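Predicted model, so just to flag it, every value in this text is computed and none were measured. Heavy atoms only: backbone and side chains are in, while hydrogens, waters and symmetry mates are out.
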Amino acid sequence: MEAYIEPVAALFGTAWPLVWALLKIVGIIAPLFLCVAYLTLAERKVIGYMQVRIGPNRVGPRGLLQPIADGVKLLLKEVIVPSGASKGLFILGPVLALGPALAAWAVVPFSEGWVIGDVDAGLLFLLAITSIEVYGVIIAAWASNSKYAFLGGMRAAAQMVSYEIAMGFALVCVLMISSSLNLTEIVAVQAKGQWAEWGFGFLSWNWLPLFPMFIVYLISGIAETNRAPFDVVEGESEIVAGHMVEYSGMAFALFFLGEYANMILISALTSILFLGGWLSPVGFLPDGFVWLALKTSFILFLFLWFRATFPRFRYDHIMRLGWKVFIPLTLFWVVVVAVWVMSPLSIWK
Amino acid sequence: MDFQSVVFYFFSAVMVLASLRVITARNPVHAALFLVLAFFSAGGIWMLLRAEFLAIALVMVYVGAVMVLFLFVVMMLDINLERIRQGFWSYLPIGAVVGLLMVAEMAIVVGGRYFGLEGMPTPAEPEPGYSNTKELGRLLYTEYVYPFELASIVLLVAMIAAVALTLRKRTGVKKIDPAAQVAVNRDDRVRIVSMRAEKE
């Protein structure tokens with residue numbers, strides 16, 4: 001590998017670190033968009049089978065080219081800017097919806113050392129980036145100058161701020177037991193323990209000792225990405241499509257890409273923080289990226305499964321769940337875990 | 001000019017321009033969004049000073065939470081700018097005093113060598129593996145633990161006061177008790193009557 005890179009590096013001279021960084025970014029973004037495209041197909045297929053339908057099967061063999069056809073269609077459509085809209089912000093909205101969803105991948109490790117920025121404050125960076133995701137929705141909603149869009153934006157602002165707190169506390173528990181904010185470190189800590197030595201690695205991952213936090217994080221993750229059953233932001237039967245109602249063509253596609261990229265991000269994070277990332281579940285199989293991919297796909301499948309199974313929450317119930325159930329529960333668990341880590345019973349020494 | 005200076009001047013320029021637009025923008029929503037941009041640039045400058053924890057905390061707290069709630073309120077209000085600007089001349093004297101004071105303070109910092117500030121020690125170059133976050137945490141919970149706890153209690157009191165001020169008992173509210181809803185049995189809601197089929 002090094003032998004192939006050397007001559008290319010010499011070609012670019014001092015600009016090589018920049019070029020190399022750009023190459024790494026492309027190496028993550030391109031497969032990510034491919035995953036997003038096929039996640040939309042998987043969603044329609046999975047929900048189709050759950051509802052005893054076949055799902056898309058017309059474009060290409062077994063419908064496999066459907067996402068490409070959808071993408072081309074959206075690219076070719078006209079982007080209409082409503083005459084009463086705030087033009088600059090109307091364009092900025094979708095950009096801000098997609099941007100943070102991509103920026104967050106900078107600190108996500110895919111395997112031992114496979115990461116763009118192996119920073120010490122990785123978890124904090126993720127929290128900060130996911131907290132600015134809401135701006136895309138709010139700005140788009142306000143700039144559209146439409147009642148439906150505005151209602152969606154208000155709902156998004158309240159919902160995402162609420163669930164972020166519960167998510168943050170769940171992360172605090174994880175970082176307390178890992179005593180690190182570095183994601184690679186957090187995975188490394190999950191490889192240690194009595195169970196891992198006996199060859200049952202999956203029992204030493206964070207999901208077992210932090211089970212309530214795992215569930216809270218998973219559910220908050222669904223609420224944070226505005227997916228069903230927490231999709232009151234779009235709520236097509238109540239407010240048509242919420243913040244996206246005035247958007248068409250590629251501007252709409254950006255929202256779509258952002259939502260699915262966020263789903264993949266949250267699933268990957270859940271796998272890394274609670275399900276041991278790239279660690280193999282049993283001792284006799286090697287660790288590797290394939291495990292992270294499998295775990296992420298499983299969490300993504302849960303996202304789709306929930307969407308096919310549960311009816312939409314009513315808005316006041318969402319707020320109640322966030323503020324009156326999750327936040328007190330996570331606050332209590334932060335104290336419990338803090339005492340546990342410092343007590344003689346601690347399993348993370 | 002090295003790369004760091006370029007980045008510094010870029011962030012500073014964006015921040016100054018954004019701050020200017022906060023007070024000159026005609027639309028309150030635009031003003032709030034420019035404030036977001038100003039906070040973000042400030043975070044960038046702090047990052048340049050290797051205060052990554054503070055920088056990320058700034059983005060997380062101010063950009064991610066405070067400004068979202070600000071926007072939430074500002075978007076719903078129909079703010080009449082003419083009325084806000086009415087008091088401009090009567091507030092000008094006190095505003096000018098505060099402004100001049102800030103200019104004077106900045107002059108002291110920027111023109112430090114006239115006031116003997118260059119005698120202050122510059123922080124040592126941190127060795128590799130130095131974690132700003134860890135150092136900050138250690139200081140907060142050892143040396144400054146009492147002021148820190150005091151500050152958090154003040155915040156807690158403010159939080160409880162805010163809740164107490166807005167909390168009022170309303171009568172005749174059709175409030176839902178989810179626990180009661182979950183605890184309902186089938187027999188509480190449905191009564192199955194067995195009866196013979198009737199013919200008209």
Side-chain angles (χ1 to χ4, degrees), chain A residues 14 17-18 86 88-89 92-93 96 100 103 107 117 119-135 137-139 141-143 145 149-151 153-162 164-165 167-168 171 175 179-182 185 313-314 316-317 320-321 323-325, chain B residues 3 21 25-30 32-37 39-40 43-44 46-47 50-77 126 128-137 141 163 173-179 181-182:
Chain A
T14 48
L18 191 68
S86 174
L89 290 181
L92 188 66
L96 277 182
V107 296
V119 290
D120 275 338
L123 204 58
L124 266 179
F125 175 82
L126 276 175
L127 265 180
I129 288 288
T130 45
S131 71
I132 59 174
E133 256 158 27
V134 65
Y135 277 100
V137 176
I138 299 186
I139 289 176
W142 184 79
N145 197 15
F150 191 65
L151 281 171
M154 293 291 107
R155 287 176 170 195
Q159 179 180 330
M160 287 170 99
V161 168
S162 314
E164 227 166 67
I165 302 172
M167 260 178 131
L171 292 185
L175 76 92
S179 58
S180 172
L181 286 165
N182 186 318
E185 201 82 357
F313 261 57
R314 219 174 59 197
D316 57 322
H317 284 194
R320 181 186 156 273
L321 184 70
W323 287 97
K324 291 187 176 174
V325 180
Chain B
F3 183 65
R21 291 293 290 145
R26 297 198 63 81
N27 191 322
V29 172
H30 290 180
L33 286 173
F34 274 115
L35 192 55
V36 171
L37 184 60
F39 279 141
F40 207 82
W46 285 7
M47 195 78 99
R50 299 197 185 138
E52 67 272 352
F53 177 76
L54 287 178
I56 295 175
L58 179 81
V59 171
M60 211 160 75
V61 174
Y62 281 95
V63 177
V66 174
M67 288 314 292
V68 172
L69 299 179
F70 248 71
L71 273 176
F72 192 91
V73 175
V74 168
M75 280 176 179
M76 287 207 273
L77 296 179
Y130 170 85
S131 170
N132 189 294
T133 316
K134 203 175 254 173
E135 208 55 40
L136 202 67
Y141 285 99
V163 173
V173 182
K174 289 178 179 160
K175 208 171 138 196
I176 295 168
D177 181 5
Q181 283 185 323
V182 172

Next item on the list: Against chain B, label A/Glu164 side chain, backbone, both or neither, depending on which of its atoms sit under 4.5 Å from a heavy atom there.
Entry: side chain

Check: Pick from B/Val36, B/Leu33, B/Val59, B/Val63: which one has the most heavy-atom pairs with chain A under 4.5 Å?
Finding: B/Val63

Check: If you take all heavy atoms of B/His30 and A/Ser86, which pair is closest and at what distance?
Finding: NE2-OG, 3.6 Å

Next item on the list: Go through the atoms of A/Ile165 and report whether side chain, backbone, both or neither lie under 4.5 Å from a heavy atom of chain B.
Entry: neither

Margin query: Heavy-atom cut-off 4.5 Å, strictly under: side chain, backbone, both or neither for A/Leu181 against chain B?
Written below: side chain

Next item on the list: Could you pull out the closest heavy-atom pair between A/Trp142 and B/Asn27, with the gap in Å?
Entry: CH2-ND2, 3.4 Å

Notebook entry, point to check: Rounded to the nearest 0.5 Å, what separation is found between the CD1 atom of B/Ile56 and the CG atom of A/Leu127?
Noted result: 9.5 Å

Next item on the list: Identify which part of A/Ala158 has an atom lying under 4.5 Å from any heavy atom of chain B, answering side chain, backbone, both or neither.
Entry: both

Next item on the list: Compare every heavy atom of B/Met67 with every heavy atom of A/Tyr135, then report the nearest pair and how far apart it is.
Entry: OH-CB, 3.1 Å

Next item on the list: Return yes when atom CZ of A/Phe150 has more than 12 non-hydrogen atoms of other residues, nucleotides or ligands closer than 6.0 Å, and no otherwise.
Entry: yes

Notebook entry, point to check: Would you say B/Phe39 has more than 12 foreign heavy atoms packed within less than 6.0 Å of its CZ?
Noted result: yes

Margin query: Contact between A/Ile132 and B/Met60 at the side-chain level, heavy atoms closer than 4.5 Å - yes or no?
Written below: no

